[in-house]
2 protein chains.
Amino acid sequence: MVKNNKQEIIVDAALEVFRDKGYANTRMADIARRAGVSYGLVYHYFESKEVLFDVIVEGWWDRLYQMLKDERQSDSAFQKKLENIIKFFLDMYAEKPNLLSIFITEVSRSSVYHTARGLAKFRTFFSLTEDVMAEGQKVGFLRRDIGPHYLTYIFLGAIEAFISVMVLGKEAVNRERKERTINGVIQVFLCGAKVESNPLPAL
Amino acid sequence: MVKNNKQEIIVDAALEVFRDKGYANTRMADIARRAGVSYGLVYHYFESKEVLFDVIVEGWWDRLYQMLKDERQSDSAFQKKLENIIKFFLDMYAEKPNLLSIFITEVSRSSVYHTARGLAKFRTFFSLTEDVMAEGQKVGFLRRDIGPHYLTYIFLGAIEAFISVMVLGKEAVNRERKERTINGVIQVFLCGAKVESNPLPAL
DNA sequence: CCAGACTGATTGATATGTCAATCTATTTTT
DNA sequence: AAAAATAGATTGACATATCAATCAGTCTGG
């Protein structure tokens with residue numbers, strides 16, 4: 001199956017340009033030029049700039065949801081699930097850096113994406129993660145004195161911070177860095193950052 | 001003597017419009033209308049839309065840096081410093097929700113802000129926080145087997161996640177929620193999310 | 001021969017930044 | 001104290017540029 005399908009070429013070009021210049025500063029002419037096709041052909045396949053962008057983002061959400069659903073119903077050890085979630089982001093960044101970059105810079109918190117539909121996507125994302133956290137509490141692995149959505153925020157926030165640093169610095173992930181990142185997030189999220197002997201006074 | 005000059009009125013109006021519509025979708029005409037001044041007056045005080053935006057963002061960075069420098073040199077207990085950093089974000093959100101919203105949606109990760117100068121601002125932000133973390137390790141409060149910038153990412157990532165949820169949901173912070181959020185972040189960041197009896201197998 | 005792939009010039013809407021003119025307040029001159 | 005001069009605030013129409021989207025037409029494989 002040869003991949004000289006112009007439609008795919010246009011999507012790939014759009015991924016690059018959207019990452020380089022951001023949605024607002026991307027010209028349809030830029031995408032056509034980078035794809036090596038005429039201006040009009042982009043509109044032949046995608047009715048508007050917004051639709052083209054949505055096609056890309058929708059693909060991201062699909063993968064993310066699928067991964068979270070898989071982890072939710074899998075019967076791996078709980079800690080393994082958390083590791084897999086982190087791994088997903090790091091692997092995806094290695095494999096499709098443009099896609100992750102767009103998610104971080106144009107979707108994750110950008111006002112551009114704050115429609116009702118955009119918000120719903122986020123709620124699903126958080127809700128699926130919260131299911132996993134709630135399960136961790138249920139099986140007695142995670143502490144119950146902190147609400148599952150709090151755990152979700154902290155866990156996802158930490159992951160996003162790492163990915164953001166990579167995206168903004170256009171850094172690469174090798175095997176060793178991936179291990180160290182997963183280990184760091186897991187260690188701190190599960191065991192905490194303070195030395196164990198150190199007691200925590202009440203707030 | 002009420003300080004009611006038009007310049008401030010324009011900045012306040014810009015804060016509102018930038019938050020509501022995002023930088024890209026904000027028209028200078030919108031700002032003028034919301035401020036109740038003529039279109040031209042905005043340009044009388046601010047030479048361009050970008051300059052107006054920068055004035056706002058610069059003010060944010062100034063406050064943030066000041067707070068971090070204060071905490072770095074203060075001699076409070078280490079945990080208190082972390083609490084104060086979280087508190088800063090929550091108080092600022094309560095006091096200037098528009099400013100925090102713009103930071104999250106238009107600055108924090110938005111490609112709009114990814115100039116060399118923008119990146120430098122972030123490096124300073126992270127670096128100041130890292131100083132605090134390194135001190136926590138030095139005084140023996142934080143574990144040393146995880147690099148200080150890792151601790152920084154996780155800590156700031158968690159805070160940003162909480163603020164983002166408030167911003168996107170336009171939620172309010174009352175005293176009780178503030179306490180609970182600080183407690184949640186501190187508890188998990190310092191002591192971890194797993195139940196204490198649960199041993200952590202090696203990765 | 002025709003359906004769908006493909007082209008790129010053209011259009012039309014939109015928004016930035018300019019500018020000449022007017023108004024208002026303060027200071028200077030007579 | 002009135003008049004004149006000056007500086008700065010304020011106005012909104014407009015010139016200009018920028019793009020998204022359209023469209024009339026050409027090419028090509030089956």
Side-chain angles (χ1 to χ4, degrees), chain A residues 1-58 102 105-107 110-115 117-118, chain B residues 1-58 102 105-107 110-115 117-118:
Chain A
M1 171 91 125
V2 198
K3 184 193 134 184
N4 56 356
N5 181 350
K6 295 276 173 75
Q7 197 166 346
E8 277 179 51
I9 293 175
I10 291 170
V11 169
D12 287 345
L15 269 165
E16 289 180 31
V17 183
F18 280 141
R19 183 198 57 177
D20 286 354
K21 318 182 74 157
Y23 181 82
N25 294 319
T26 290
R27 311 289 140 238
M28 291 300 258
D30 298 333
I31 295 174
R33 203 177 313 118
R34 177 121 19 158
V37 303
S38 74
Y39 187 91
L41 193 64
V42 180
Y43 280 93
H44 179 69
Y45 287 115
F46 305 96
E47 69 184 79
S48 71
K49 182 177 163 182
E50 201 186 335
V51 165
L52 176 51
F53 184 76
D54 280 349
V55 165
I56 289 170
V57 175
E58 211 58 35
I102 290 170
T105 62
E106 300 293 327
V107 178
S110 172
S111 63
V112 176
Y113 199 70
H114 292 166
T115 58
R117 229 181 90 252
Chain B
M1 174 64 173
V2 194
K3 199 88 170 95
N4 243 9
N5 66 353
K6 297 278 171 77
Q7 197 165 347
E8 276 179 51
I9 293 175
I10 291 170
V11 169
D12 287 344
L15 269 165
E16 288 179 30
V17 183
F18 281 141
R19 183 197 57 176
D20 286 354
K21 317 182 72 154
Y23 180 82
N25 294 319
T26 289
R27 312 287 141 238
M28 291 298 257
D30 298 333
I31 295 174
R33 203 177 314 119
R34 178 124 15 161
V37 302
S38 72
Y39 187 91
L41 193 64
V42 180
Y43 281 93
H44 178 70
Y45 286 115
F46 305 96
E47 69 185 78
S48 70
K49 182 176 161 182
E50 201 186 336
V51 165
L52 176 51
F53 184 75
D54 281 349
V55 165
I56 288 171
V57 174
E58 212 58 36
I102 290 169
T105 62
E106 299 294 327
V107 178
S110 170
S111 64
V112 176
Y113 199 71
H114 292 165
T115 60
R117 228 179 93 252

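Just so it is clear: chains get the letters A, B, ... in the order the sequence lines come, proteins before strands, and each one is counted from 1. Worth saying up front: this structure is predicted, and the values here are computed from it rather than measured.
The residue A:Phe46 sits apart from the nucleic acid: no heavy atom pair falls under 4.0 Å.
For A:His44, no side-chain nitrogen or oxygen approaches OP1 or OP2 of C:dC6 to under 4.0 Å. Between B:Tyr45 and D:dT10 there is a side-chain N or O to OP1 or OP2 distance below 4.0 Å. Neither OP1 nor OP2 of D:dC19 sits under 4.0 Å from any side-chain N or O of A:Lys49. OP1 or OP2 of C:dT16 has at least one side-chain nitrogen or oxygen of B:Arg27 nearer than 4.0 Å.
Taking atom CE of B:Met28 as the reference point, atom P of D:dA17 lies 19 Å away to the nearest angstrom. In this structure, CD1 of A:Ile10 is placed 11 Å from P of C:dA5, rounded to the nearest angstrom. Counting to the nearest Å, the C1' atom of C:dT7 and the CZ atom of A:Arg33 are 15 Å from each other. Between A:Glu8 atom CD and C:dA5 atom C1' there is a gap of 16 Å when expressed in whole angstrom units. We find that CG of B:Asn25 is positioned 12 Å from C1' of C:dT14, with the value rounded to whole Å. A straight line from CD1 of B:Ile31 to C1' of C:dT16 spans 12 Å, rounded to a whole angstrom. When rounded to the nearest whole Å, the span between CD1 of B:Ile9 and P of D:dA9 equals 14 Å. Counting to the nearest Å, the C1' atom of D:dA9 and the OH atom of B:Tyr43 are 18 Å from each other.
Between C:dT7, C:dT18, D:dT10, one nucleotide has an atom nearer to the side chain of B:Leu41 than all others, and that is D:dT10. Distance from the side chain of A:Lys6 is smallest for C:dC6 among the nucleotides C:dT16, D:dG12, C:dC6. Considering only the side chain of B:Ser48, C:dG17 comes nearest among C:dG17, C:dT7, D:dT10.
Between the side chain of A:Tyr39 and the base of D:dA21 there is at least one donor-acceptor pair of N/O atoms closer than 3.5 Å.
Within 6.0 Å of the CD atom in A:Glu50, the count of heavy atoms belonging to other residues, nucleotides or ligands does not exceed 12.
Ring-plane geometry between B:Tyr23 and B:Phe18 is classed as parallel, the angle between the planes falling under 30 degrees on a 0 to 90 degree scale with a further cut at 60.
In this structure a side-chain-to-backbone donor-acceptor pair under 3.5 Å is missing from A:Lys6 to A:Leu41.
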Practice problem: Run the numbers on A:Arg34 and A:Asp20 for salt bridge (charged side-chain N to carboxylate O under 4.0 Å, His left out), then give the verdict. | Solution: CA-CA 12 Å; A:Arg34 177 121 19 158; A:Asp20 286 354; 3.3 Å; yes
Practice problem: Could you check B:Tyr39 against B:Met28 for side chain to side chain contact (heavy atoms under 4.5 Å, CB included), going step by step and ending with a plain yes or no? | Solution: CA-CA 7 Å; B:Tyr39 187 91; B:Met28 291 298 257; 3.9 Å; yes
